[in-house]
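For reference, the structure is listed below as C-alpha cells.
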Amino acid sequence: MGFRPFVYRLAADLKLAGLVGNDTRGAFIEIEGPQRPIERFIERLQSELPPLARISELSRQDIATRNESAFRIEDSERTGVQDAEITPDVATCALCLAELLDSNDRRYRYPFINCTNCGPRYSIIRAVPYDRPNTTMARFRMCPACQAEYDDPANRRFHAQPNACPVCGPRVWLTDRQGREMPGDPIVECARLLAAERIVAIKGIGGFHLACRADSDSAVERLRLRKGREAKPLAVMVNSLATARAQALVSDASAEALTGPQRPIVLLPRREDSPISRGVAPALDRLGIMLPYTPLHHLLLAEGPKALVMTSGNPTEEPLCCENDEALRRLASIAEAFLLHDRDIERRIDDSVVLAMDDPAGPIVPIRRARGFAPAPIQIQFESPSPVLAVGGEMKATVCLLAGNQAVVSEHLGELPNAEAYRHFLGTIRQLERLLQVEPKIVAADLHPDYAATRYARTLGLPVVTVQHHHAHLVSCLADNGLVGRVIGIICDGTGYGTDGAIWGCEVLAGDETAFERMAHIAYYPLPGGDAGARQTWRPAAGLLSQIQNDFAGLAPEAFARVPADALAVTRQQLGHPERRPRTSSLGRLFDAAAFLLGICDENRYEAEAAMMLEAAARRAGQFEPLPYRLVESQNAAGAIQIDVRPTLMALIDRRQAGEDAASLARAFHETVATMLAAAARRAAERTGLARVVLSGGCMANQLLAGRLRDLLTAAGLAVYQHRQVPPGDGGLALGQAVAAARRVNT
Ligand code: ZN
Ligand code: ZN
Ligand code: FE
C-alpha cells in the first residue's frame with residue numbers, strides 16, 4: 001500500500017533508473033545503475049517501508065541493462081497469475097485528518113478525503129487489479145486538481161484509487177425515512193437529530209450503521225425495540241481516546257488496538273461512572289468501543305454527541321444493508337433519518353471486534369474479524385500445491401481460500417441458518433475466487449452432516465475433506481501462530497460434531513495438521529430439549545444433575561422452582577429414555593448450567609449471554625474458594641481422561657444454599673474449570689512429551705478463563721498460544737479446515 005510511490009521516491013533519491021509496476025502477482029521493480037546504490041536501494045526498500053506496506057516475499061534476478069535514464073511508474077497490467085493481495089479498508093490517516101480540519105485546505109470538511117495510506121479498499125473493489133476503473137469510484141471522474149495529485153509520484157495521493165474532492169467526488173446528503181432530502185448541512189443536521197435522541201441510519205464503509213446517543217436510555221431502548229435486538233451488546237463510537245478513557249479502563253494494548261489503522265471495536269471494562277446507558281450492554285461489565293474511522297465519522301462526532309451507539313444496520317441476524325434504496329426499504333421502520341452518500345459499497349463488511357487479554361504479555365484476540373483485517377492473507381508454513389476452499393462452520397461463518405503459502409480468510413459472514421446470510425456466504429465464495437483468481441481443487445468442510453456449508457461443499461463436484469470441528473480449531477490456532485507439528489490443544493466451545501456422533505465441546509486433544517487423539521474431555525452428559533437446550537440454561541443443568549439422580553430438580557429445588565412444572569415433567573420423561581438423549585461434553589452448556597444454578601441467567605437471549613454474565617459476575621468477586629472436580633483415568637491406555645464435573649455442581653449448589661454470594665461462586669467456578677483443564681492438559685503433555693499448548697474454541701473469548709489457563713499452564717512450564725489473527729470461535733474454523741485439508745491431501 002503506497003508502495004509504488006515509495007519505490008519511486010527511493011529510486012529518485014539514489015539516482016537510479018528503471019521502473020516499478022503492479023501486476024496481478026504483486027509489485028515488480030526494474031532497477032538500473034551502479035552496484036553500490038542498488039544494494040542501498042534493496043536495503044532501504046525493506047527498512048524504510050511505509051507503515052501500511054508489507055513485503056511478504058522479495059526475490060531478485062539480474063537482467064540485461066536497458067540504458068534507462070529515468071525512473072518511472074508503470075500502469076497496471078491485466079495479465080499474469082493472481083496472487084497480489086487485496087488490501088483491507090484503512091482508517092483515515094493523521095495527515096488526511098489534519099487536512100479535513102484545516103479551513104484553508106481544498107478538502108476542508110470533505111467527508112471522503114483519503115490518500116494512499118488510508119481510505120476504502122476491499123469494500124469498493126469489483127475486480128483485479130486494484131485500479132480505479134475496477135472500483136466503485138469508476139463513475140467519478142477526477143477534476144484537474146485531483147488528477148494532478150494522482151499522476152504525481154511525489155504526491156501522497158499518487159495512484160490513490162479513491163482520490164476525490166468536493167468538486168469531483170462523492171457527496172453526502174440527509175433524507176427522512178421516505179427518502180426526501182432534508183435541507184441544511186447534512187452532517188450538522190444529522191448531529192442535531194442525534195443530539196435530540198433520534199435514530200439515524202448512517203452509510204459507512206462496508207454498510208449502514210444505526211446510530212443514536214449512547215447516553216440516552218430512551219433512545220437506546222427504542223433502537224433495541226425497533227431492531228428486534230433484545231439484549232445483545234451494542235457498539236459505541238466515541239470521538240477520541242480521551243472520551244474512551246472516560247467510559248472504560250483502557251490498557252496500553254487496548255489503546256493501541258483502538259487507534260490502529262484497522263479501528264476495531266475493542267471490548268473494554270466499563271467504568272462505574274461512565275454516562276453511557278446501561279441498556280447498551282445490559283448486565284455486562286464491558287463496553288465495545290471504537291474510534292471514528294472515516295472522515296464522515298470524524299466530522300459527525302466533532303459536531304454531535306461524543307458517544308454514539310453505532311450498531312450494524314440490519315434487522316437482527318441478517319447481513320448488513322449496503323445500498324441506499326435497500327437501506328431505505330429495510331431500515332425505514334427503525335431509523336428516523338438517513339445519512340446517505342453516493343459512493344457504492346461493493347462488499348458488505350461488519351466492524352471487527354477484538355479483546356485484549358488482562359495479562360500485558362497476552363495477545364489481542366480477535367472476536368469478530370471483518371473490516372480492517374479481511375482479506376489480509378495469513379502466511380502459512382508450507383506451500384500447498386492444490387488450492388483449497390474451506391467453507392467453515394455454521395455460526396459466525398467465514399470461508400477460507402488457501403493457495404501457495406497464503407490463506408485468505410473472509411470477513412465474518414453471519415449465521416448460515418439465516419437465508420440472507422447463506423446467500424451472502426455463496427456470493428462471497430464466488431467474489432473471493434474471482435478477486436484472488438483461485439480455482440479450488442479441494443474443498444474442506446466440517447464433519448457435521450447437516451451444516452448448510454457442509455452440504456454446499458458436497459455440491460461442488462470436488463474432493464471433499466471433512467475435518468472434525470475441534471481438530472479444525474486446533475489447526476486454526478497452530479496456523480494462526482505460525483506453528484507446525486504436534487501440540488496439545490485445549491478446545492472449548494458450545495457445540496461441535498464429534499467423530500462418535502456425540503456433541504463435543506470441552507476437549508483436550510493432541511494433534512497436528514493431519515490427525516489428532518482425544519486425550520481428555522468432560523464426561524458426557526445428556527442435553528435435553530433440542531435447540532432449546534442451548535437457549536434455556538436449566539436444560540443442561542437438568543442433564544448434568546440427572547447423572548446424579550433421576551429427580552434432578554430435587555438437587556437444586558430453589559433454582560428449578562423458576563422452571564414451569566410441565567416442562568420439567570417432559571424433560572424428566574425424556575431423560576428416562578437413554579436412546580433419545582443427545583450426549584454432549586460441551587463447556588458452553590456447563591457454563592449455562594452454572595449460570596442457572598447461581599440464579600445469574602435463565603435464558604441465552606443471544607449466543608453466550610449466560611457465560612458472559614457469569615464471567616461479569618466472577619469479576620466482581622473478592623475472596624473465593626475453588627470447587628472440587630475429578631479426573632477419571634480411562635480403563636484402557638488409549639482412552640481419554642474423563643473430567644467429572646458432578647462434584648463441582650453439587651458443591652456450587654450446596655454453597656449457594658448455604659448463603660455464599662453468587663459472584664464469588666462464579667469466580668470459583670471459573671477457577672475450577674481453568675484448573676481442571678490445565679490438569680488434564682498437563683497429563684496429556686506428560687503422556688505425549690509435548691510442551692506446546694494451543695487454546696481455541698469460542699470459550700477462549702472468556703478473558704478470565706483464558707487468562708487463568710495461560711497462568712496455570714505457563715507455571716507448569718508449557719508454552720501457551722492463543723489466537724491473534726482469526727477468532728478462537730467458529731469464525732476461525734475455516735482457516736483450520738483449509739490448512740488441515742491441504743496437509744492431509746499433500747502428505
Ligand atoms: Zn490519508
Ligand atoms: Zn477533485
Ligand atoms: Fe466451535
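First listed ligand is number 1; within each ligand, the first listed atom is number 1. Nothing here was measured: the structure is a model prediction, and the numbers come from that model.
- The two residues Arg157 and Asn114 come nearest to each other via the heavy atoms NE-O, 2.7 Å.
- Counting all heavy atoms, side chain and backbone alike, Lys396 lies closest to Glu607 at NZ-OE1, 2.8 Å.
- For Arg458, the CZ atom sits in a loose shell: 12 or fewer heavy atoms of surrounding residues, nucleotides or ligands are nearer than 6.0 Å.
- Within Asp730, the N, O or S atom lying nearest to the Fe ion (ligand 3) carries the name OD1.
- Cys143 contributes SG and Cys146 contributes SG; the angle these two atoms make at the Zn ion (ligand 2) is 110°, rounded to 10°.
- In this structure, SG of Cys118 and SG of Cys93 enclose an angle of 120° at the Zn ion (ligand 1), rounded to 10°.
- Of all N/O/S atoms in Asp493, OD2 sits nearest the Fe ion (ligand 3).
- The residues Arg744 and Glu513 are annotated as not salt-bridged, no charged nitrogen and carboxylate oxygen being separated by less than 4.0 angstrom.
- To the nearest 10 degrees, the angle centred on the Fe ion (ligand 3) between NE2 in His473 and NE2 in His469 reads 90°.
- To the nearest 10 degrees, the Zn ion (ligand 1) sees SG of Cys115 and SG of Cys96 at an angle of 100°.
- Counting backbone and side-chain atoms alike, His470 contributes no N/O/S atom closer than 2.8 Å to the Fe ion (ligand 3).
- The shortest side-chain heavy-atom distance between Arg368 and Asp351 falls under the 4.5 Å cut-off.
- Remark: Arg583 is not positioned above the aromatic ring of Trp504, lacking an NZ or CZ atom under 6.0 angstrom from the ring centre and at most 45 degrees off the axis.
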